[in-house]
Amino acid sequence: MSHSLDRIGTDRPPRVRIAPSPTGPLHIGTARTALYNYLYARHMGGAFVLRLEDTDQARGSIAYEKDILDGLHWLGLRWDEGPEVAGEAARGPHAPYRQMERLPNYAAAAERLLAADMAYPCYCTPDELESDRTAQEAAKLPPRYVGRCATLTPAERAAREAEGRRGALRFRVGTGVVAFDDIVRGRVEIDVANLGGDFVIVRGDGSPLYNFTVVVDDADMEISHVIRGEDHISNTPKQLLIFRALGYPEPRYAHLPLILNPDRTKMSKRKSQTALSDYIAQGFIREALVNYLALLGWATGTEEEVLSIDEIAERFDLEAVHKGGAIFDRDRLEWLNGQWIRRLEPGDLIDRLRPFVEAEHVARRIDWIPSDDELRAFLPVMRERLPTLGAIGDLAGFLWVEAVPVDPAVLVPRRWDADTTRDGLAAARSTIAAVGEVTFEADELEPPLRALAEARGWKAGDLFMAIRVAITGRTATPPLFDTMVALGRDRVLERLDRAMAVLGGGHRR
RNA sequence: GCCCCCAUCGUCUAGAGGCCUAGGACGCCACCCUUUCAAGGUGGAGAUCAGGGGUUCGAAUCCCCUUGGGGGCACCA
């Protein structure tokens, strides 16, 4: 029994799948698993299937389903076969791709198992099960189903049914060792005795459970390679047993290392940001996320670091995937995000910035929304200063507000006092005012202002800093002259006046 | 408790017996560039390859043990 049946033809193009459960928003780990499946399919010229595992009706929701589908879409992971979405019909020869619509398949498979006595009805109550478990725990034994209903006679079953009890269906685990050759881990062997006894495959209410549906569906959909998280290793023998009981060929398995919290535990919502939608909302772009995720647990073997999804698919090799878990390193993600932002075409960057600019407006952090032309003009100095798209407000928000708050304490440069600052700003104002409205360019602003500083014996940096704070309200900004151009002559002069007013009276002369 | 898995700089990793006095990247530090902030460039600190035994002329790479870490043990997926 420890020998596998025929494998699905290894000579044919592989069929892989991602099978998310809509019980939460798309998790970054699920996203990576989906990506690896996608990459493997693309690399091998196989098919990437999407299946929704929605049998947990208590926890699942349509909102989560949408979040997951949108997220996968956003990442650019197009599935070759999958359920209907947003009015679009289901795609692929194995429809439906939603488990709640495949119930008859599970019922038929369950019937076969029951008829062959490879599964049996179990009438144990939750209370009985619970007390079994506590007793085992007290005796320091591993939790396991005691088999109370394993040998019920037809008469005994009938008696229970007559009492109105609805039996769950348990799969007979038997004895022996189940082994499989994992593509990333090599040979894995697990003694059936450690599976926790006969396990439930169909609930008392007739709904099927994960370890059962996954096998029925993977077999129906002719999935050849199951690429999933390492947390599924202990489920594999159970599933293999069902594949065999049903007479289905076994897929090959590849168990991916987990993505970890900084403390090396499995990445969780409690300790890390796990929802892909949160990363999207913060302004990470798909190119960076895909690039980062692909390189978390796998490497090209070369020193290439910044790669597009196509370049990655070209190089992808499941056998080179790591065995050890990897901590999610946000700093590295941000670096890659910056790399990719700088690689975007200007028009593309503007389109992607749009929602973030609008969000700033909605949050009333800016007074109006800049036009594409305004954004485009300032793009060259913005792009290398944006770690994420969401940083746009911090970086350039001062451009799109009526007035900027100026703190006199930061307005006065370190080496200057209030009087010098007032003088400097006044002098700068007339110098700037002298520059023509039409030809208000960075090239024309810098020389006269430098000359002014020199004539007055000021360090150019001090003068520039005072102007910077006066017109932006902050000490760290894009280059000053580009900033003045973006603001426009009138607004620069107006802000200088306002800043001088902030400094108050104390007329000197 | 039981079963399974894993183990190279702080982090992601290269490395598949001699090319390794262990390479790259992020982060960190310094310098350069520079009006601030970034970006970019150069350089630096940072790993007795978890520890101990073997095998071998030779081990980060193969084997064993120990230690450490993780995952799983549901009528969740």
Side-chain angles (χ1 to χ4, degrees), chain A residues 19-24 30 53-56 58-60 122 124-126 129 133 136-137 139-145 166-170 182 185 188-191 193-197 199-205 207-211 213-214 229-237 255 257-258 260 262-266 292 295-306 320 322-336 338 342 381-387 395 446 449-450 453 459-465 467-469 472 474-481 483:
Chain A
S21 174
T23 50
T30 308
E53 310 219 322
D54 54 355
T55 54
D56 187 349
R59 294 191 299 153
C122 170
C124 295
T125 64
L129 263 15
R133 250 192 299 275
Q136 286 159 345
E137 200 171 316
K140 295 204 179 298
L141 290 168
R144 114 183 240 106
Y145 177 59
R166 304 279 297 113
L169 197 60
R170 278 187 192 271
D182 192 283
R185 269 145 232 281
V188 177
E189 298 185 354
I190 296 176
D191 192 322
N194 297 313
L195 262 30
F199 57 92
V200 176
I201 57 176
V202 179
R203 293 184 180 92
D205 69 3
S207 61
L209 259 13
Y210 170 72
N211 278 123
T213 57
V214 75
E230 181 195 304
D231 46 350
H232 281 288
I233 286 188
S234 52
N235 284 323
T236 307
H255 287 96
L258 264 21
L260 276 21
D263 65 1
R264 295 213 151 265
T265 53
K266 181 163 82 163
Y292 178 71
L295 262 30
L296 240 203
W298 172 76
T300 60
T302 67
E303 280 174 2
E304 302 168 298
E305 307 267 358
V306 183
H322 273 219
K323 295 186 181 76
I327 295 174
F328 191 90
D329 181 359
R330 196 189 165 94
D331 282 341
R332 197 175 149 80
L333 204 214
E334 278 199 12
W335 170 73
L336 266 175
R342 274 166 241 136
V381 298
M382 287 198 299
R383 62 190 308 156
E384 60 213 33
R385 274 163 253 267
L386 282 175
L395 182 68
E446 183 165 357
L449 285 169
R450 278 191 189 282
K459 286 187 100 78
D462 289 336
L463 208 218
F464 295 171
M465 184 54 85
I467 301 173
R468 166 176 295 111
V469 175
T472 68
R474 40 200 317 170
T475 54
T477 71
L480 184 62
F481 306 106
T483 299

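Within every chain, numbering begins at 1; the chains are lettered A, B, ... in the order of the sequence lines, protein sequences first and strands thereafter.
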Within the 4.0 Å heavy-atom criterion, would you say [X] contacts the bases, only the backbone, or no part of the nucleic acid?
{"X": "L209(A)", "answer": "sugar-phosphate"}
{"X": "T55(A)", "answer": "sugar-phosphate"}
{"X": "P479(A)", "answer": "base"}
{"X": "T475(A)", "answer": "base"}
{"X": "D329(A)", "answer": "base"}
{"X": "L333(A)", "answer": "nothing"}
{"X": "P387(A)", "answer": "nothing"}
{"X": "H232(A)", "answer": "base"}
{"X": "A168(A)", "answer": "base"}
{"X": "G204(A)", "answer": "base"}
{"X": "F481(A)", "answer": "base"}
{"X": "D191(A)", "answer": "nothing"}
{"X": "Q136(A)", "answer": "nothing"}
{"X": "E53(A)", "answer": "sugar-phosphate"}

Closest to side chain of [X], choosing from [options]:
{"X": "I327(A)", "options": "C12(B), G70(B), U35(B)", "value": "C12(B)"}
{"X": "L480(A)", "options": "G24(B), U35(B), G71(B)", "value": "U35(B)"}
{"X": "V188(A)", "options": "C2(B), C5(B), U35(B)", "value": "C5(B)"}
{"X": "W335(A)", "options": "U36(B), C26(B), C2(B)", "value": "C26(B)"}
{"X": "I190(A)", "options": "U35(B), C3(B), C75(B)", "value": "C3(B)"}

For [N] and [X] - does any side-chain N or O of the residue sit under 4.0 Å from the phosphate oxygens OP1/OP2?
{"X": "R264(A)", "N": "C12(B)", "result": "yes"}
{"X": "H255(A)", "N": "C4(B)", "result": "no"}
{"X": "R59(A)", "N": "A77(B)", "result": "no"}
{"X": "R474(A)", "N": "A38(B)", "result": "no"}
{"X": "R332(A)", "N": "G27(B)", "result": "no"}
{"X": "T302(A)", "N": "A14(B)", "result": "no"}
{"X": "R133(A)", "N": "C73(B)", "result": "no"}
{"X": "K323(A)", "N": "G70(B)", "result": "no"}

If I take atom [atom1] from residue [X] and atom [atom2] from residue [Y], how far apart are they, to the nearest 0.5 angstrom?
{"X": "D54(A)", "Y": "S21(A)", "atom1": "CG", "atom2": "OG", "answer": "7.5 Å"}
{"X": "E334(A)", "Y": "D329(A)", "atom1": "CD", "atom2": "CG", "answer": "10.0 Å"}
{"X": "F464(A)", "Y": "E446(A)", "atom1": "CZ", "atom2": "CD", "answer": "5.5 Å"}

Is there a Watson-Crick or G-U wobble partner for [N] with both distances under 3.5 Å, and if so, which one is it?
{"N": "C62(B)", "answer": "G54(B)"}
{"N": "A7(B)", "answer": "U67(B)"}
{"N": "C33(B)", "answer": "none"}
{"N": "G1(B)", "answer": "C73(B)"}

Considering only the [atom1] atoms, how many Å lie between [N] and [M], rounded to the nearest integer?
{"N": "G10(B)", "M": "A50(B)", "atom1": "P", "answer": "12 Å"}
{"N": "C4(B)", "M": "G40(B)", "atom1": "P", "answer": "48 Å"}
{"N": "C64(B)", "M": "A59(B)", "atom1": "C1'", "answer": "15 Å"}
{"N": "G58(B)", "M": "U66(B)", "atom1": "C1'", "answer": "26 Å"}
{"N": "C9(B)", "M": "A47(B)", "atom1": "C1'", "answer": "4 Å"}
{"N": "A60(B)", "M": "C73(B)", "atom1": "C1'", "answer": "35 Å"}
{"N": "U48(B)", "M": "A22(B)", "atom1": "C1'", "answer": "12 Å"}
{"N": "U61(B)", "M": "C6(B)", "atom1": "P", "answer": "16 Å"}

query = Is K266(A) paired with E230(A) through a side-chain N to carboxylate O contact shorter than 4.0 Å?
reply = no
Residue pair S234(A)/P143(A) against RNA chain B: nearer the 5' end by closest nucleotide is P143(A)
On RNA chain B, more 5' by nearest nucleotide between K140(A) and R468(A) is K140(A)
- Are V188(A) and I190(A) close enough, and set up right, to give a side chain to side chain contact (heavy atoms under 4.5 Å, CB included), and what steps lead you there? CA-CA 7 Å; V188(A) 177; I190(A) 296 176; 4.2 Å; yes
Note to self: Suppose we call a contact any N or O donor and acceptor under 3.5 Å apart; does that hold for the side chain of R185(A) and the base of C5(B)?
What the structure shows: no
| Just checking, any donor-acceptor pair under 3.5 angstrom between side chains of T472(A) and R468(A)? | no
Within the supplied structure, the quantity of interest is the number of heavy atoms (other residues, nucleotides, ligands) at a distance under 6.0 Å from E137(A) CD; does it exceed 12? no
Between atom [atom1] in [X] and atom [atom2] in [N], what is the gap in whole Å?
{"X": "W298(A)", "N": "G24(B)", "atom1": "CH2", "atom2": "C1'", "result": "15 Å"}
{"X": "R203(A)", "N": "A74(B)", "atom1": "CZ", "atom2": "P", "result": "14 Å"}
{"X": "D462(A)", "N": "U35(B)", "atom1": "CG", "atom2": "C1'", "result": "10 Å"}

| said: side chain to side chain contact (heavy atoms under 4.5 Å, CB included) for F481(A) and L449(A)? Distances and angles first, verdict last. | reply: CA-CA 10 Å; F481(A) 306 106; L449(A) 285 169; 3.7 Å; yes
Please verify the inter-ring angle class for Y210(A) with H232(A); under 30° counts as parallel, over 60° as perpendicular, anything in between as tilted. tilted
